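For reference, the structure discussed in these notes is given below.
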Amino acid sequence: MSDQYVKVKVQFTGEETEKDVQVVAGLELSMSSSSSSSSSAAATSVAQDGKSRNDSGRKPISKTRSKSRGKPLDPGRISRSESAKDARQGVEAVNLQDKMENTACAAERLQNPSTNEAALEVKGSGKVLQGKVEQSKGQRGKEDGNKVQRKKRSVSVDSSKAKTSLEALKTSIKQLKWKEFPTGRRLPCDIYWHGVSFHDNENIFSGQVNKFPGMMEMVRKINLSRAVRTMHELFPEEYNFYPRSWILPEEFQLFAAEVRMAKENDSSWKPTFIVKPDGGSQGDGIYLIKDPNDFRMLGSAHNKPAVIQEYIIKPLLIDKLKFDIRLYVLVKSLEPLEIYIAKEGLSRFCTEPYQEPSQKNLHHVFMHLTNYSLNVHSGNFIHSDSMNTGSKRTFSSILYRLSSKGIDIKKVWSDIISLVIKTVIALAPELKVYYQADIPTGKPGPTCFQILGFDILLMKNLKPVLLEVNANPSMRIEHEQEVAPGVFEYVPSAVDEEVKVGVIRDTLRLVDPAPRKATNNQLRLAGIASEMQEDISDAGSSDKSDQDSGVKENNLPSLCLKQVFPKYAKQFNYLRVIDRIAELFMRFLGVKGTMRLGPTGFRTFIRNCKLCNSNLSMASVDILYIDITRRWNGMGAEQRESGMCLQAFVEAFFYLAQRRFKSLPLHEQVTALADLCGAAKRRAALASCQPEGIHSVPTAPAPPHHFNCPAAASKSADYRFHRPVLPTIKGNCIENSAVN
């Protein structure tokens with residue numbers, strides 16, 4: 001047996017030395033270390049490996065005689081007997097097994113190296129050698145710094161579509177020390193900030209977008225009114241925070257008839273109504289009327305959809321001025337539902353002292369309308385850098401003023417939180433339908449979150465009333481100021497910056513992507529932990545302990561966004577009945593990416609839930625589908641696709657529930673039918689999983705389908721569309737909210 005040697009060059013961190021290492025010819029060694037002792041240990045290990053390889057018959061490239069070995073062995077002295085061969089083969093087998101175990105251990109140490117171990121890799125063979133090394137303090141500090149740097153990878157934000165919120169977004173990104181891409185980026189970004197809708201950028205397949213599909217459509221005046229009306233039908237006591245509304249033009253005759261009847265019953269009643277265009281914003285097109293006959297039909301206005309509501313004639317006044325509250329609400333996810341409310345908001349004041357509506361002052365927009373975009377053009381508008389004065393102030397300054405008068409502001413906050421949660425619960429079902437249409441399950445796409453602007457009015461008795469919800473609340477942190485006659489420029493607004501930058505910054509912190517997920521979870525958990533002992537009655541308290549809750553990250557203030565759902569889920573989960581109906585609707589849609597249920601899908605729903613019986617044939621089901629679908633499709637001027645929308649399906653579901661469970665209140669009827677459909681789904685799932693040889697009891701077949709059967713049509717002649725019973729029209733816009 002002969003030894004083979006090759007002289008190789010081993011590189012160490014900070015120095016280069018040449019070592020005589022016994023190694024298999026043709027292989028290279030690379031090692032990062034500063035210790036010569038570790039190199040000699042590694043050389044010995046590699047030498048043994050090279051020796052065993054050469055003994056097995058590999059021809060070496062070069063020979064170098066070792067000084068420590070003496071003379072080479074004479075090949076003639078080696079025995080060639082069979083027993084010697086067997087012994088040598090046994091030794092090689094043992095060595096091979098040891099080398100395999102050592103290689104596995106080295107690979108594991110390479111994947112999980114400790115701070116004081118250096119890895120020696122034999123290039124080309126996958127072999128890894130591990131040795132202990134001494135590290136200087138400077139090296140350890142450098143490596144620790146590299147680890148910290150890797151953990152603090154900058155989050156990338158695409159702000160190319162941010163529009164009016166750009167300045168507040170830039171400030172927030174700068175405070176977070178993230179990376180902004182103002183003109184976009186070819187590579188995917190972590191967060192995409194859109195200014196209008198989800199579809200501002202169609203080429204997004206990952207990351208997070210600050211808009212939900214369909215949110216802009218759902219918070220329009222008509223859809224919001226319908227969503228709240230449906231929930232009011234189920235829970236009239238819970239959804240009495242929204243003014244009674246009529247949808248124009250289809251409900252104008254109904255509106256006129258109900259007002260006429262109310263006046264006949266009480267001749268002293270003199271109501272006021274406010275007309276809001278469906279797609280209007282910033283106060284555009286809003287006006288007040290005293291009688292349905294005053295409804296203005298200017299040009300083609302009678303063809304434009306709008307909402308008419310009862311006007312609240314007794315609002316809470318401060319300094320004799322009417323005001324409303326703009327609160328910012330973050331919907332972080334729909335499934336599971338997660339809602340945050342900003343602890344600070346804006347109070348926007350009218351610029352003329354308030355008087356109850358009369359024919360003389362109906363058209364005084366600076367008296368009755370609180371929209372900033374209108375009042376800013378008033379000569380009485382006051383720009384102030386103070387948070388407590390001017391025509392735009394912080395909401396906390398209003399609460400402080402109310403508290404100084406002995407008013408329980410915890411109760412006010414509690415009612416506002418309840419209003420927000422109930423409103424989002426009303427909007428969520430149809431938002432899920434929009435979401436699955438744009439981002440079907442299993443298809444690559446981004447996740448979504450969105451900041452909403454809730455406009456809330458406090459009545460004289462401090463009851464909050466929802467005026468509207470804005471999908472794109474203004475995030476400007478500057479305002480126009482006339483510096484010379486006819487010359488305007490944008491100047492910073494201290495109040496806007498105080499509120500809006502905090503909302504955007506902390507929204508970004510809450511949606512922080514995966515690389516910083518651990519820190520983000522700690523942020524949320526810390527904020528929740530500080531409120532574990534709070535009850536919903538004192539939710540939103542502005543005491544010091546609540547304001548100081550949260551974790552400071554990178555010298556940032558604590559979170560200004562307070563989680564309200566799922567924190568208070570136990571108090572509100574019973575309201576999520578329409579969510580269950582929406583799940584059924586999406587289950588039977590059939591085709592991914594659609595939002596309309598076809599007749600086949602509706603029949604499948606009836607069959608699978610076993611709703612057909614002697615009183616409801618499939619022919620009656622078809623007539624029900626056609627009648628409801630035709631009426632709902634006729635309500636909208638623009639229909640992109642045919643079929644039954646979710647709102648029409650909800651109406652059909654209510655009708656079926658009322659027929660099936662006649663003696664129960666409506667919300668119990670609907671819940672019972674949802675339970676029945678859920679049980680049918682579970683039975684079907686169990687039946688599909690039954691092993692061979694086990695069969696369920698056969699059920700009666702569904703009645704034959706006779707679409708044009710006169711007998712079937714006569715059986716379904718008792719079908720009536722159920723219109724929700726809304727709060728009483730007399731006295732005020734909200735039942736049980738009359739002000740003395």
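Just so we're clear, the structure is a prediction, and the values are computed from it rather than from any experiment.
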Item checked: Exam field: side chain N210 to backbone F449, donor-acceptor pair closer than 3.5 Å -> no
Check: Any donor-acceptor pair under 3.5 Å linking the side chain of K322 with the backbone of P315?
Finding: no
Checklist line | Ring centre gap for H377 and F366 strictly below 6.0 Å | finding: no
Next item on the list: Begin from the C-alpha positions of I286 and H368 and carry the test side chain to side chain contact (heavy atoms under 4.5 Å, CB included) through to its verdict.
Entry: CA-CA 10 Å; I286 299 178; H368 296 293; over 6 Å; no
Checklist line | Side-chain ion pair, K411 and D408, N-O less than 4.0 Å | finding: no
Checklist line | Heavy atoms of other groups near Y574 OH, more than 12 under 6.0 Å | finding: yes
Check: Within the side chain of D455, is there an N or O that forms a donor-acceptor pair under 3.5 Å with the backbone of L467?
Finding: no
Check: Does any N or O in the side chain of R229 come within less than 3.5 Å of the main-chain N or O of S245, such that one atom is a donor and the other an acceptor?
Finding: yes
Note to self: Pairing donors with acceptors under 3.5 angstrom, does anything connect the side chains of Q309 and Y242?
What the structure shows: yes
Next item on the list: Go through S197 and K211 one step at a time and tell me if the side-chain hydrogen bond (donor to acceptor under 3.5 Å, both in side chains) criterion holds.
Entry: CA-CA 6 Å; S197 74; K211 302 293 181 184; over 6 Å; no
Notebook entry, point to check: Between M367 and N361, is any pair of side-chain heavy atoms under 4.5 Å apart?
Noted result: yes
Note to self: Please check: side-chain N/O of N470 versus main-chain N/O of N472, any donor-acceptor pairing under 3.5 Å?
What the structure shows: no
Next item on the list: Heavy atoms only: give me the nearest L330-L510 pair and the separation to one decimal.
Entry: CD2-CD1, 3.9 Å
Next item on the list: Verify, without hydrogens or angle tests, whether N375 (side chain) and L369 (backbone) share a donor-acceptor contact under 3.5 angstrom.
Entry: yes
Note to self: Contact between W413 and F395 at the side-chain level, heavy atoms closer than 4.5 Å - yes or no?
What the structure shows: yes
Notebook entry, point to check: Any donor and acceptor pair, going by atom type alone, linking the side chain of D324 with main-chain N or O of L457 inside 3.5 Å?
Noted result: no
Next item on the list: Would you please indicate yes or no on a ring centroid separation below 6.0 angstrom for H383 and F381?
Entry: yes
Item checked: For the student: nearest non-hydrogen atoms of G390 and F349, plus distance -> O-CD1, 4.3 Å
Margin query: Strictly below 4.0 Å, N to O, side chains only: are D319 and R401 in salt-bridge contact?
Written below: yes
Next item on the list: Kindly give the heavy-atom pair with the smallest separation between R505 and P557, and that separation in Å.
Entry: NH2-CG, 3.3 Å
Note to self: Both conditions, 6.0 Å and 45 degrees, for the charged tip of K392 above the ring of Y372: are they met here?
What the structure shows: yes
Check: Checking D200 side chain against V196 main chain: does a donor-acceptor pair fall under 3.5 Å?
Finding: yes
Next item on the list: Would you mind reporting whether E338 and F565 have side-chain heavy atoms less than 4.5 Å apart?
Entry: no
Notebook entry, point to check: Is it true that a side-chain atom of S414 and a backbone atom of K410 form a donor plus acceptor pair closer than 3.5 Å?
Noted result: no
Margin query: Quick one, K263 and D291 - any side-chain contact, counting heavy atoms below 4.5 Å?
Written below: yes
Notebook entry, point to check: Charged N to carboxylate O under 4.0 angstrom, R244 versus E251?
Noted result: no
Note to self: Taking the cut-offs as 6.0 angstrom to the six-membered ring centre and 45 degrees off its axis, would you call R326 and F454 a cation-pi pair?
What the structure shows: no
Margin query: Do K320 and Y354 have side chains that approach each other closer than 4.5 Å (heavy atoms only, starting at C-beta)?
Written below: no
Next item on the list: With the side chain counted from C-beta on, respond yes when M459 and P464 share a heavy-atom pair under 4.5 Å apart, and no when they do not.
Entry: no
Notebook entry, point to check: In this structure, which one of K500, E498, R393 forms a side-chain contact (heavy atoms from CB on, under 4.5 Å) with L346?
Noted result: K500
Item checked: Closest non-hydrogen atom pair, V331 against F212 -> O-CE1, 3.4 Å
Next item on the list: Before accepting this row, confirm whether a basic side-chain N of the pair R476/E167 lies closer than 4.0 Å to the acidic partner's carboxylate O.
Entry: no
Checklist line | V650 side chain reached by T230 side chain, heavy atoms, under 4.5 Å | finding: yes
Item checked: Donor-acceptor under 3.5 Å (D266 side chain, A262 main chain) -> no
Note to self: Any salt bridge linking E356 with K314? Criterion: basic side-chain nitrogen under 4.0 Å from a carboxylate oxygen.
What the structure shows: yes
Notebook entry, point to check: Taking side chain as C-beta onward, heavy atoms only, is D496 less than 4.5 Å from M475?
Noted result: no
Next item on the list: Report the relative orientation of the aromatic rings in F241 and Y239; use parallel for angles under 30°, tilted for 30 to 60°, perpendicular for over 60°.
Entry: tilted
